[in-house]
Amino acid sequence: MNWSALEALISGVNKYSTVFGRIWLSMVFVFRVMVFVVAAQRVWGDENKDFVCNTAQPGCVNVCYDHFFPISHIRLWALQLIFVTCPSLMVVGHVKYREKKDLQYTQSHKGSHLYANPGKKRGGLWWTYLLSLIFKAGFDAGFLYILYYVYEGYDMPRLSKCTLAPCPNTVDCYISRPTEKKIFTIFMVVSSAFCILMCLCEMIYLICKRIQKVIKRKTEADRRMFSESHELAPLAAPRSEFMSKTSVRVDHTASIQNLSNNKSEAKKSRKK
């Protein structure tokens, strides 16, 4: 399989991803695909040929091998990598659809754009991105369970006992390079668990950021409504406009005797 072509295709979603998404992508293609292609395939290349049982009964070795290895680790991991990386194509396809729709809108509306940034995670693209994370984490968790269920754990025993027909009795079977295979199995399991953790962190980050934006938008709307409903009334006209020209300015600090003196003086001036 041409993994480099798949990497080039999936890397297009890297510019739309968060920090957690970039770490996930690096983990998948550096620690999982590279290890799978360079080392793991060679380690499991001789599993059928070097599976030895201490019997000469025809068909016994094949039956025991099929019992202990119902599906090859290599083929199971290849399916896992394909299923895990494919949900990222949903995001790439959605962005391409937005770009095409924006181009058609621009041509029909004389240069105006439908999307300011087609790759920004808003609206339907946000849900597509979140759904791709759920699929990636779900596929990884599902394949980890399948590996654990089929092989009854992540261990690789040196000796396996087989009692299936046509074996005449209990037969001892030996696996080639069990320690090395166990190390690679644990490495792939740990890297898959780390990728699941990155997907969960990215989902939490996206949801928290979305909630923060909704709260901020609601707060701004409430402030706007409060300011509109509590606008200041226009200032009253100055009191000087309503005062008569002949009115006497009253000094609130003056005593009553002084006020009476001022009134008598005003009457005398009028008589004159």
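All of these numbers come straight from a predicted model, not from anything done at the bench.
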- [ ] Indicate yes or no: at least one non-hydrogen side-chain atom of Tyr205 is less than 4.5 angstrom from one of Val19.
- [x] no

Task: Residue pair Phe29 / Thr85: nearest heavy atoms and the distance that separates them - done: CZ-CG2, 4.3 Å

TODO: Share the residues that join Ile204 in a hydrophobic cluster, the rule being Ile, Leu, Val, Met, Phe, Trp or Tyr side chains under 4.5 Å apart at the heavy-atom level.
DONE: none

TODO: Tell me whether Ile183 is reachable from Val37 by hopping between hydrophobic residues (I, L, V, M, F, W, Y) whose side-chain heavy atoms are closer than 4.5 Å.
DONE: no

Task: Within 6.0 angstrom of Glu152 CD, more than 12 heavy atoms from elsewhere - done: no

Open item on the list: Using a 4.5 Å cut-off between side-chain heavy atoms of Ile, Leu, Val, Met, Phe, Trp and Tyr, which other residues end up in the same hydrophobic cluster as Tyr174?
Closed with: Leu159

- [ ] Just do the side-chain contact (heavy atoms from CB on, under 4.5 Å) check on Met27 and Ser191 with the steps written out, would you?
- [x] CA-CA 7 Å; Met27 191 71 186; Ser191 60; 3.6 Å; yes

TODO: Please answer: with hydrophobic residues joined when any side-chain heavy atoms are less than 4.5 Å apart, are Ile186 and Met156 in the same cluster?
DONE: no

- [ ] Could you grab the distance from atom CG of Leu81 to atom CG of Asp140, nearest 0.5 Å is fine?
- [x] 8.5 Å

TODO: Report yes if some heavy atom in the side chain of Thr185 is under 4.5 Å from a heavy atom in the side chain of Trp77; otherwise report no.
DONE: yes

Task: Sub-4.5 Å side-chain heavy-atom contact between Trp24 and Phe194 - done: no

Task: Contacts of type side-chain hydrogen bond (donor to acceptor under 3.5 Å, both in side chains), residue Thr163, not counting sequence neighbours - done: none

TODO: Considering non-hydrogen atoms only, spot the tightest contact between Tyr154 and Tyr148 and give its length.
DONE: OH-CB, 3.5 Å

Open item on the list: Treating Lys181 as the side-chain partner and Ile175 as the backbone partner, does any N or O pair qualify as donor plus acceptor under 3.5 Å?
Closed with: no

Side-chain donor-acceptor pairs of residues 210-218 under 3.5 Å, sequence neighbours excluded:
unit_1 : atom_1 : unit_2 : atom_2 : d
Lys218 : NZ     : Asp222 : OD2    : 3.4

Open item on the list: Do Val28 and Cys195 have side chains that approach each other closer than 4.5 Å (heavy atoms only, starting at C-beta)?
Closed with: yes

TODO: Rounded to the nearest 0.5 Å, what's the gap from SG on Cys162 to CZ on Phe68? Could you check?
DONE: 5.0 Å

- [ ] Could you tell me which non-hydrogen atom of Tyr129 sits nearest to which non-hydrogen atom of Leu206, and how far apart they are?
- [x] CD2-CD1, 3.4 Å

TODO: Side-chain contact test, heavy atoms from C-beta onward, threshold under 4.5 Å: evaluate it for Phe135 versus Met90 and give yes or no.
DONE: yes

Task: Leu147 side chain near His73 side chain, heavy-atom distance below 4.5 Å - done: yes

TODO: Mind listing the closest non-hydrogen atom pair of Pro157 and Pro178 along with its distance?
DONE: O-CB, 4.0 Å

- [ ] Describe, in one word, how the ring planes of Phe51 and Phe69 are oriented to each other, choosing from parallel (under 30°), tilted (30 to 60°) and perpendicular (over 60°).
- [x] perpendicular

Open item on the list: With heavy-atom distances below 4.5 Å as the criterion, would you say the side chains of Lys136 and Cys86 are in contact?
Closed with: no

Task: For Cys201, all residues meeting disulfide (SG to SG under 2.5 Å), sequence neighbours excluded - done: none

Listing, residues 52-66 side-chain donor-acceptor contacts under 3.5 Å, not counting sequence neighbours, or none:
unit_1 : atom_1 : unit_2 : atom_2 : d
Asn54  : OD1    : Asp172 : N      : 2.9
Thr55  : OG1    : Gln57  : N      : 3.2

Task: Atom pair OG/CZ of Ser176 and Arg158 - distance to nearest 0.5 Å - done: 12.5 Å

TODO: Supply the atom-to-atom distance Ser132 OG to Met203 CE, rounded to the nearest 0.5 angstrom.
DONE: 9.5 Å

- [ ] Rounded to the nearest 0.5 Å, what's the gap from OG on Ser192 to CG on Leu144? Could you check?
- [x] 5.0 Å

Task: Single-linkage hydrophobic cluster, 4.5 Å side-chain cutoff, Val190 and Met188 together - done: no

TODO: Decide whether Trp127 and Leu125 are clustered together by the hydrophobic rule: side chain heavy atoms of Ile, Leu, Val, Met, Phe, Trp, Tyr closer than 4.5 Å, transitively.
DONE: yes

- [ ] With rounding to the nearest 0.5 Å, note down the distance linking CD1 in Ile196 to CZ in Phe143.
- [x] 11.5 Å

Open item on the list: Starting from Leu79, can I reach Phe184 by hopping between I/L/V/M/F/W/Y residues whose side chains sit under 4.5 Å apart?
Closed with: yes

TODO: For residues Lys182 and Asp155, determine if any side-chain heavy atom of one lies less than 4.5 Å from a side-chain heavy atom of the other.
DONE: yes

